[in-house]
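Structure first, then comments.
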Amino acid sequence: MTLLPWVNRFPVGLFAVPVGFLALAGTWRRTQGFGWTLALPVANALASIGVLMLAVLLLLFALKCLRHPRIIAAEFTHPLMGSMMGLIPLSLLLCTIFFGEPNHSGWLLFTLLTLTLQGVIAVRVVASLSNGSFPASAVSPALYVPPLAGGLVGSMALSTLGYPGWAALLFGMGLVSWALLEVRVLNRLFEGALPEALRPTIGLELAPASIATLAVATLWPQLPGDVLIIGLGIAAGPVVTVLARYKWWGHLPFSIGFWSFSFPLASLATVIIEIVRRGDWPPMVGGVALGGASALIAFLSIRTLGLMLKNKLLPPPLPSN
């Protein structure tokens with residue numbers, strides 16, 4: 001009997017779960033600036049959970065690659081699955097941001113290899129969009145994952161390791177990617193509702209502005225909170241538009257795709273915490289943002305456990321001929 005016979009149905013979108021936990025861990029760690037004694041222990045606990053889940057998912061994905069290389073190849077060129085593969089290096093870059101040490105050769109090698117993987121995925125997506133082979137009906141906010149994660153999150157990773165110049169370069173590349181993709185994604189969203197299978201990715205519409213502002217806060221820690229408020233204002237626009245489209249996605253049954261909200265909203269909470277800390281605002285304002293992000297991750301975790309208990313976490317098997 002084959003061990004783990006369902007591994008061919010393992011969805012790459014599951015990597016959004018450790019991404020959410022690692023992002024929330026970073027949010028909690030930022031609240032150390034308020035002098036909260038629980039900040040670091042909770043951050044470390046969340047990061048440990050995220051790394052444990054990431055390790056398990058990487059092993060399952062590696063097993064899928066070994067047993068079903070044709071399925072992996074098909075998913076790599078798939079409009080949605082190919083973009084979501086960017087979650088794998090994204091989760092690894094978040095590990096660098098949380099655990100990395102300046103001028104550590106091991107962490108640098110790890111990050112460069114991760115950025116290389118991210119670049120391969122991003123080039124495939126951008127090439128498909130540029131040569132007209134990407135189906136217009138498949139355009140969704142999931143397109144943001146590969147190029148923006150590599151540029152914006154990659155810049156924070158390199159800044160953590162003590163390479164501000166290269167970090168600024170990646171940040172600029174991330175901004176260009178955002179500008180190019182925003183036109184395509186917004187044009188699609190203005191045309192009407194996405195197909196139901198793509199609608200849970202709507203949470204990623206919140207990602208570019210919030211993550212870009214967080215990257216600015218990370219790369220230039222001397223900037224005052226008033227400057228970061230500009231980014232917060234830009235990030236508020238997508239929040240309003242996603243809420244305005246609630247009728248598109250609010251009635252859908254829960255799926256792993258709704259973890260698309262986790263990283264953007266955790267990043268947005270982190271930006272608010274940085275603004276509060278740098279602007280000498282009442283820490284309670286940052287606490288409200290932290291509570292909202294934590295409640296979201298808790299809600300998503302509970303609903304995901306529900307899918308597992310109902311044996312609905314994985315896609316159903318294809319009917320046999």
Side-chain angles (χ1 to χ4, degrees), residues 10-20 23 57 75-91 94 118 121-122 124-126 128-129 134-153 174 177-178 180-212 235 237-268 293 296-297 299-300 303-304 307 312-315:
F10 173 80
V12 73
L14 282 174
F15 282 95
V17 180
V19 164
L57 294 180
E75 290 179 348
F76 181 72
T77 57
H78 188 275
L80 177 61
M81 297 298 181
S83 297
M84 299 305 284
M85 278 189 178
L87 291 170
I88 300 174
L90 171 58
S91 59
L94 289 174
Q118 187 82 27
I121 298 171
R124 202 285 305 171
V125 172
V126 172
S128 179
L129 285 167
F134 199 94
S137 60
V139 171
S140 76
L143 290 173
Y144 291 129
V145 175
L148 262 69
L152 301 179
V153 180
S177 300
W178 176 17
L180 293 175
L181 290 173
E182 188 77 0
V183 175
R184 189 72 179 269
V185 173
L186 283 182
N187 182 64
R188 175 62 190 87
L189 293 177
F190 287 150
E191 288 178 354
L194 295 170
E196 285 200 2
L198 298 178
R199 290 182 197 178
T201 66
I202 193 69
L204 291 169
E205 179 63 23
L206 308 174
S210 58
I211 296 173
V239 172
V240 173
T241 56
V242 169
L243 291 176
R245 299 184 179 105
Y246 179 78
K247 64 179 183 180
W248 288 6
W249 52 270
H251 67 284
L252 297 176
F254 181 79
S255 68
I256 202 70
F258 282 103
W259 277 88
S260 66
F261 285 89
S262 63
F263 184 30
L265 290 180
S267 299
L268 189 61
L296 172 70
I297 298 297
F299 171 78
L300 293 172
R303 296 301 301 270
T304 303
L307 289 180
K312 294 183 178 180
L313 186 61
L314 302 180

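Computed from a prediction, not measured in an experiment: that's the story for all the values here.
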Is there side-chain contact between Arg245 and Leu189, with heavy atoms separated by less than 4.5 Å?
yes

Evaluation steps, side-chain contact (heavy atoms from CB on, under 4.5 Å), between Leu268 and Val239
CA-CA 10 Å; Leu268 189 61; Val239 172; 4.1 Å; yes

Hey, is the main chain of Phe76 close enough, under 3.5 Å, to the side chain of Arg124 for a donor-acceptor pair?
yes

Show the nearest heavy-atom pair for residues Pro200 and Ser260, with the distance to one decimal.
O-OG, 2.6 Å

Would you say that Leu143 contacts Leu129 through its side chain, given a criterion of any heavy-atom pair below 4.5 Å between the two side chains?
yes

What's the verdict on side-chain contact (heavy atoms from CB on, under 4.5 Å) for Leu57 and Phe10, showing C-alpha distance, side-chain angles and the deciding distance?
CA-CA 9 Å; Leu57 294 180; Phe10 173 80; 3.6 Å; yes

Quick check for you: to the nearest 0.5 Å, what is the distance between Phe263 atom CZ and Leu206 atom CG?
12.0 Å

Can you find a pair of side-chain heavy atoms, one from Leu80 and one from Thr201, that are under 4.5 Å apart?
yes

Would you indicate whether the side-chain heavy atoms of Val17 and Ile256 approach each other to under 4.5 Å?
yes

Side chains of Trp259 and Leu14 in contact at under 4.5 Å (non-hydrogen atoms)
no

Is there a side-chain contact (heavy atoms from CB on, under 4.5 Å) between Val153 and Ile211 once you walk through the steps?
CA-CA 8 Å; Val153 180; Ile211 296 173; 4.1 Å; yes

Taking all atoms of both residues into account, what is the closest heavy-atom pair of Val125 and Pro146, and its distance?
CG2-CG, 4.0 Å

Search all heavy atoms of Ile121 against all heavy atoms of Gly82 and return the closest pair with its distance.
CG2-O, 3.5 Å

In short, Glu182 meets Pro208 closest at the heavy-atom pair OE1-CG, 4.5 Å

Beyond-backbone contact of Leu181 with Leu148, side-chain heavy atoms, under 4.5 angstrom:
yes

Side-chain contact test, heavy atoms from C-beta onward, threshold under 4.5 Å: evaluate it for Phe15 versus Met85 and give yes or no.
no

Taking all atoms of both residues into account, what is the closest heavy-atom pair of Ser91 and Val19, and its distance?
CB-CG2, 3.7 Å

Would you indicate whether the side-chain heavy atoms of Trp249 and Leu194 approach each other to under 4.5 Å?
no

Using modelled atom types and a 3.5 Å cut-off, is there a donor and acceptor pairing between side-chain atoms of Ser210 and backbone atoms of Ala235?
no

So which atom in Leu204 and which in Pro264 form the shortest heavy-atom distance, rounded to 0.1 Å?
CA-CG, 4.5 Å

Rounded to the nearest 0.5 Å, how far apart are CD of Gln118 and CG of Leu87?
9.0 Å

Relative to the ring of Phe258, is the ring of Phe254 parallel (under 30°), tilted (30 to 60°) or perpendicular (over 60°)?
parallel

Rounded at 0.5 Å granularity, tell me how far CZ in Arg188 sits from OG in Ser137.
7.5 Å

